[in-house]
Number of protein chains: 2
Amino acid sequence: MSQTTVSRALNGFPEVSEKTRQVVLEAAAKHNYKPNTRARRLATGKSMTIGHLVCVSKEHEMVNPIFADFIAGASARYAQSRYDLLLSLVPDEVEFSSYKEWAARSAVDGVVVHAPRVDEQRIAQLNDLNMPFVVHGRSSNTFEKYNWVDVNNERSFFRATQLLIELGHTTIGLINGVADMDFAMRRAQGYQRALKENNIEQADSYVTHSEMTEPNGYKNALALLDLPDPPTALVTSSIIMANGIRRALDEHELKLGRDVSVITHDDDLSYFRDAAAVPVYTATRSSVREAGRLSADLLLKTIADPGRDPEGILLDAELILGSSTKPPRPR
Amino acid sequence: MSQTTVSRALNGFPEVSEKTRQVVLEAAAKHNYKPNTRARRLATGKSMTIGHLVCVSKEHEMVNPIFADFIAGASARYAQSRYDLLLSLVPDEVEFSSYKEWAARSAVDGVVVHAPRVDEQRIAQLNDLNMPFVVHGRSSNTFEKYNWVDVNNERSFFRATQLLIELGHTTIGLINGVADMDFAMRRAQGYQRALKENNIEQADSYVTHSEMTEPNGYKNALALLDLPDPPTALVTSSIIMANGIRRALDEHELKLGRDVSVITHDDDLSYFRDAAAVPVYTATRSSVREAGRLSADLLLKTIADPGRDPEGILLDAELILGSSTKPPRPR
DNA sequence: TCAAGCTTTCAAAGCGCTTTGGAAATTGTT
DNA sequence: AACAATTTCCAAAGCGCTTTGAAAGCTTGA
């Protein structure tokens, strides 16, 4: 039997009879034969690989903990279409040159952009390279067309803040992510809009920006609690920071919910899943794993049909009521 | 100029004069030329790729949160040697068939085995496949030779438990990972040995095994605190569970350290780095990122020299004194 | 000046697949 | 039975590199 026939039988071409195909498949199964990836990729001119470039902040060597769950979602989708996932964790300053290298040596068929900034250079650069990509998040200051999957950050933080105001809180802190991250900016906007619409004026000192680690949640919460007029409620961008906040409250002998209300964004991380009947935290919740799945899907569609118009998928975070929000205590 | 010369110039062969090499390098830089990965891999017969298979527990869709930091360490090392990292997150039941598939289609030059169990089939299977690999951790019930990088789990949990006993604790709980994980078993052994050497007898109910999530830390701590003779100290395998434990203490109006002492294993995760002058938790600390670096290093060495004898690298976790351990309160 | 001995360059043969274009086998039609 | 139409198969070319083996260019010594 010729190489051609085998190749066609395995790749599901119609030119081969069903009988022959069965024979081939059986023989392949018997000898555990799988076409050599390297040869196949050279012959087809496709890499069958999606690149994920995750940046490790130089300063704190921090790896964004949501990326594991995001990738878990994406990986499942890639597997379905027999794509491989190429992962690289790099210091942020070499981010773009890594994309360029991947493109030059044609190592990937498409890439996912993680953690876009308000001013995101990579979007225009990838468009220039003509590399299919999808952004997890958006970038406000760009006029480029691009694929993205994002949650409605502005609206969900508006709602969260609004909820606190309706409960009677008038001094509300925001413990946010790094300021030049697009998601952080949008969340801050939603928070500010709620304050404004309710005619609440607050000094800038009620807002902190930092990497979303537990120690930073703790530190920033302490800073806010030490203000002359401490907030009675906090909104935060990460359940990991929320844990730090709880530690700070603890140290001040304050009880979560009763003394200080907290609403957190909840990415539904697998190791922090707040699944109790009454969740610990009132939260704006949106599964980052689902976002991974959707991003992968969108990217594979774009690769399959390069003429496709870029698409944006906006997920709406649910506002989940938990036990961390109560009306403020009378003074 | 011929293809041969260019190839040799770029790959640093001595057969090409320094002058020619410079010309080639400049031209390559100018046109941003990089040899096509696919063609190169076919020609050389190497994949220049390391596979990481991370299993997602079917039951809870849990992704082990330490893997992000581990991979950050490994990725840096791969980049140095121009290797790519192929990542796949799969349900545990297909774990081995994924390795087999990678081998059959020669997609990778080596793999890293994450989260080995006490009875780990994959080690023998990979040896049979003749696939270079390194295990992050060890497997107690195997006589195979293999490369591994592990921390001294037994000893560090022995020391942790011993410390609590020396402080005066006599009722000590263990909130551990899933029982068939090798690391969990070794830690339990260290804990048991300390109890035994100090003639402390305790019912099995003082030990819990579960996936290391925050909610599980909370739940298991509650269960132990509700025992007729509740423990005055806890040892736990994960800083994420420690957060759940703190929440449980909080709910019982118990103060960490003062009322209940806690020692946790601390993988030095980037988003939970307990870097205060006096750390929050007394901990057995060992950087999982460093383990990633060392694993990558060992694997690349093995690939470069296939005749190499398998090696084991045993890291010693430091016992870091924090503020979560105090003598028990007099009743 | 010429042969011997190096250094530098190159043409051609793979690597293990997919794909093309055409030949052989089978089926259907008259 | 003969031919056309269709189905099934195959030989050969090519994917873009690396590597081999040999040729060309350059030095050196007699």
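Below, read A as the first sequence line, B as the second, and so on, with proteins coming before strands; counting in each chain starts at 1.
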Output the rounded distance in Å from CG (B:L42) to P (D:dC17). 12 Å
Identified side chain to side chain contact (heavy atoms under 4.5 Å, CB included) partner of A:H136 from the options A:L294, A:V113, A:V288: A:V288
Whole-Å gap separating P (C:dT9) and CD (B:E18): 11 Å
In whole Å, I'd like the distance from the CZ atom of B:R21 to the C1' atom of C:dT8. 12 Å
Should the pair A:D109-A:R41 be classified as a salt bridge under the 4.0 Å nitrogen-to-oxygen rule? no
Establish, with yes or no, whether the OP1 or OP2 oxygen of D:dT8 is under 4.0 angstrom from a side-chain nitrogen or oxygen of A:T5. no
Which of the following nucleotides, C:dT9, C:dG16, C:dT19, is nearest to the side chain of A:F13? C:dT19
By nearest heavy atom, map B:V16 and B:A43 onto DNA chain C; which one lands nearer the 5' end? B:V16
Before we go on, tell me: are the rings of A:H52 and A:F67 under 6.0 Å apart, centre to centre? no
Checking only heavy atoms, does the side chain of A:T4 share a donor-acceptor pair with the base of C:dT19 at less than 3.5 Å? yes
Could you give the CZ-to-P distance, from A:R82 to C:dT18, as a whole number of Å? 13 Å
Which sits closer to the 5' end of DNA chain D, B:N36 or A:S2, going by the nucleotide each is nearest to? A:S2
From NE2 of B:H31 across to P of D:dG16 the rounded distance in Å is 18 Å
Rounded interatomic separation in angstrom, taking NZ from A:K19 and P from D:dT7: 16 Å
Tell me which one of A:D69, A:D267, A:D268 satisfies salt bridge (Lys or Arg N to Asp or Glu O under 4.0 Å) with A:R289. A:D69
Using a 4.0 Å heavy-atom cut-off across all strands, classify A:S17 as base, sugar-phosphate, or nothing. sugar-phosphate
Under 4.0 Å, counting only non-hydrogen atoms across every strand here, what does B:T44 touch: a base, just sugar-phosphate, or nothing? sugar-phosphate
Between D:dT8, D:dT19, C:dT18, which nucleotide has the shortest distance from any of its atoms to the side chain of A:N11? C:dT18
How close or far is atom C1' of C:dC15 from atom CZ of A:R40, stated in whole angstroms? 16 Å
Taking only N and O in the side chain of A:Y33, is any of them less than 4.0 Å away from OP1 or OP2 of C:dG16? no
Rounding to a whole Å, what distance do you find between B:R8:CZ and D:dT18:C1'? 9 Å
Considering only NZ, NE, NH1 and NH2 on the basic side and carboxylate oxygens on the acidic side, decide whether B:E26 and B:K30 come within less than 4.0 Å. no
